[in-house]
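Below you'll find the structure, written out as structure tokens, and then a few comments.
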Amino acid sequence: MKRIIVVGGGAGGLELVTRLGHKFGKTRQAEIILIDRSRTHIWKPLLHEVATGSLDINTDGISYRAHSAKHHYQFQLGCMNGMDASRKVIKLDALNDDEGHELLPERELSYDIVVLAIGSVSNDFGTLGVAENCYFLDSHKQAERFQQALLNQFLRIQQGTDEENLKLSIVGGGATGVELSAELYHVADLLKAYGMPDVSAKRLEVELIEAGQRILPALPDRIANSARSELSRLGVRVSESKRIIRAEKEGFITADETLINADMMIWAAGVKAPDFVAQLEGFETNRNNQVLVRPSLQSQSFDNVYVIGDCCACVQPDGSFVPPRAQSAHQMASLVFKNIQASFRGEPLQDYLYKDHGSLVNLSRYSTVGSLMGNLTAGSMFVEGRIARLVYVSLYRLHLIAIHGWTKAMIIMAAQKIGKVVKPKMKLH
């Protein structure tokens, strides 16, 4: 029996392993294994909501082990640290408990086909002090760590003097930084209903720092301008064309040696594949550690190694790389599923063509802006307000349908609506 391993249970990886499980695992044509360093899946575009407490990973996350039992694949908890493609094995770190005791030693798993869906981590570009002084939102554990620290800061404000405000600086004017900025104002106002009457959006001082000429540089000007206007209305200080050269305990230092004081510093300026990917023997990578692939999404060196999602460097016809977005990971997962089927039947493989369906930026309950159908019209259709919010929510619902099927996805959506009525509007612990 052939063994297919998917490394990484993000948006693309979980959708792919679900389809592989139903096609090959259920009929025992192949052994399907998912490997992830976490026990729980959360849709990465929602991590900023986990970071502010708007989303609770304990109730809104998906247990890989429970999901695998219903979708005919195996789940193994582990962190990949290398692979030997010539021997067809991947290497996993030792697995330790919370106290550092070893549960499993370093180990190897053999494969016939492996799909690398490892995802990405924040790129600090070697900026001094960032790793030691900043919060990151690469995983739900990091998001929960930030949320705990944020609650502690709100407690300080509640029990301090009226003159004290909470200062937060966010580096990176992409979607994560923009959405987090708005979400912070939303949760600050919510706390008034949960025993912190002195906490409100007025006690926040949020500065969003972007090194480029404008925030949301990958999106059209109209979207960026609309988002900037909304953030400014909320009270966010949007600082563009401002480069950070180091981070210190007191705050960020700009290129002109100005100190930006901050109680909390968040780094959300760009992404890269994990550093170990660049050390994989036999693979070609770009400067962001992404693995270069053929149009079929096979690695350039090995026919039985596919790469999808943020760690995939797929060149488009215009010479640019496919952007690291949830929609590209979803499309890649669909193509690799078809190509694995084709390889089983001895048929030719299909090439990947990225289809840009537009981009949306959700500014919490305040607004949603974006563009739709960017590949279907001469330009793009600008949307905002309730229509944009509906489309944004629909993207997450489509993800739920892909990994659960229609029936269970509808039940989960109904349960989430009921949950919003009976439980607190934010996580308070």
Side-chain angles (χ1 to χ4, degrees), residues 9-11 14 38 40-62 119-120 122 135-154 166 168 170 172-191 193-194 199 201 204 206 208 216 227 230-231 234 236 264 266-268 271 325-327 329 359-370 386 388-400 403 412-413 415-429:
L14 188 57
S38 173
T40 309
H41 165 83
I42 193 74
W43 199 46
K44 195 169 184 178
L46 296 179
L47 278 178
H48 69 284
E49 294 189 24
V50 177
T52 57
S54 300
L55 200 67
D56 188 347
I57 187 71
N58 297 311
T59 56
D60 297 300
I62 298 166
S120 60
S122 294
Y135 291 93
F136 300 91
L137 301 182
D138 298 326
S139 66
H140 73 78
K141 286 186 177 180
Q142 291 181 343
E144 288 182 305
R145 175 173 168 262
F146 173 82
Q147 192 258 343
Q148 289 296 308
L150 182 65
L151 281 178
N152 289 338
Q153 289 289 342
F154 280 135
L166 176 55
L168 299 103
I170 304 170
T176 298
V178 169
E179 292 180 333
L180 177 62
S181 298
E183 196 68 34
L184 285 167
Y185 280 84
H186 172 50
V187 297
D189 276 336
L190 283 178
L191 284 170
Y194 296 110
V199 175
L204 281 184
V206 178
L208 180 62
L216 301 173
E230 185 62 37
L231 290 177
L234 291 175
V236 177
M264 300 182 72
I266 304 95
W267 190 271
V271 297
R325 296 179 183 172
Q327 62 174 307
S359 301
L360 293 165
V361 178
N362 181 41
L363 303 175
S364 190
R365 65 181 176 86
Y366 305 106
S367 181
T368 302
V369 296
R386 291 183 179 180
R389 175 64 180 171
L390 177 62
V391 177
Y392 184 88
V393 171
S394 297
L395 296 176
Y396 178 54
R397 290 175 176 172
L398 288 173
H399 175 62
L400 290 178
I403 59 179
I412 290 173
M413 292 174 207
Q416 289 175 340
K417 281 191 172 294
I418 295 172
K420 288 182 179 180
V421 176
V422 300
K423 69 180 184 180
K425 296 184 182 296
M426 65 174 293
K427 185 181 178 185
L428 298 167
H429 59 280

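Note: hydrogens, waters and symmetry copies are ignored here, and every other heavy atom, side chains too, is used.
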### Query
A143 and L137: which non-hydrogen atoms are nearest, and at how many Å?
CA-CD2, 3.9 Å

#### Entry: Euclidean distance, S181 OG relative to L234 CG, rounded to 0.5 Å
9.0 Å

### Query
Atom CG in L150, atom CD in Q148: separation rounded to 0.5 Å?
10.0 Å

### Task
Taking all non-hydrogen atoms of both residues into account, name the closest pair between Y366 and A182 and its distance.
CE1-O, 3.5 Å

### Task
First locate atom OG1 of T368, then atom CG of N362, and finally report the distance between them rounded to the nearest 0.5 Å.
4.0 Å

### Query
Heavy atoms, side chains only, cut-off 4.5 Å: are S122 and Q142 in contact?
no

### Query
Tell me, do H48 and T52 make a side-chain contact under 4.5 Å, heavy atoms counted?
no

### Message
Using the rule given for side chain to side chain donor-acceptor pair (under 3.5 Å), can you reason through T40 versus H140, listing the C-alpha separation, both sets of side-chain angles and the distance that settles it, and then say yes or no?
### Response
CA-CA 9 Å; T40 309; H140 73 78; 4.8 Å; no

### Task
Classify the ring geometry between H399 and H41 as parallel (under 30°), tilted (30 to 60°) or perpendicular (over 60°).
tilted

### Query
Does any non-hydrogen side-chain atom of V50 lie less than 4.5 Å from one of Q147?
no

### Task
Identify the two heavy atoms, one from P45 and one from E179, that lie closest to each other, and give their separation to 0.1 Å.
O-OE1, 4.1 Å

### Task
For T176 and A268, work out which heavy atoms get closest and say how close.
CG2-CB, 4.1 Å

### Query
At their closest point, which heavy atom of L191 faces which heavy atom of F154, and how far apart are they?
CD1-CD1, 3.2 Å

## Note on the structure
On a heavy-atom basis, the closest approach of Y392 and L360 is N-CD1, 3.6 Å

### Task
Find out whether I57 and E144 are in side-chain contact, i.e. whether some heavy atom of one side chain is under 4.5 Å from a heavy atom of the other.
yes

### Message
With a 4.5 Å cut-off on side-chain heavy atoms, are W43 and L400 touching?
### Response
no

### Distance in Å, L184 CG paired with I170 CD1, rounded so as to fall on 0.5 Å steps
5.5 Å

### Task
Report the distance from atom OG of S139 to atom CD1 of I42, rounding to the nearest 0.5 Å.
12.0 Å

### Interatomic spacing from CD1 in I412 to CD1 in I403 - rounded to 0.5 Å
7.0 Å

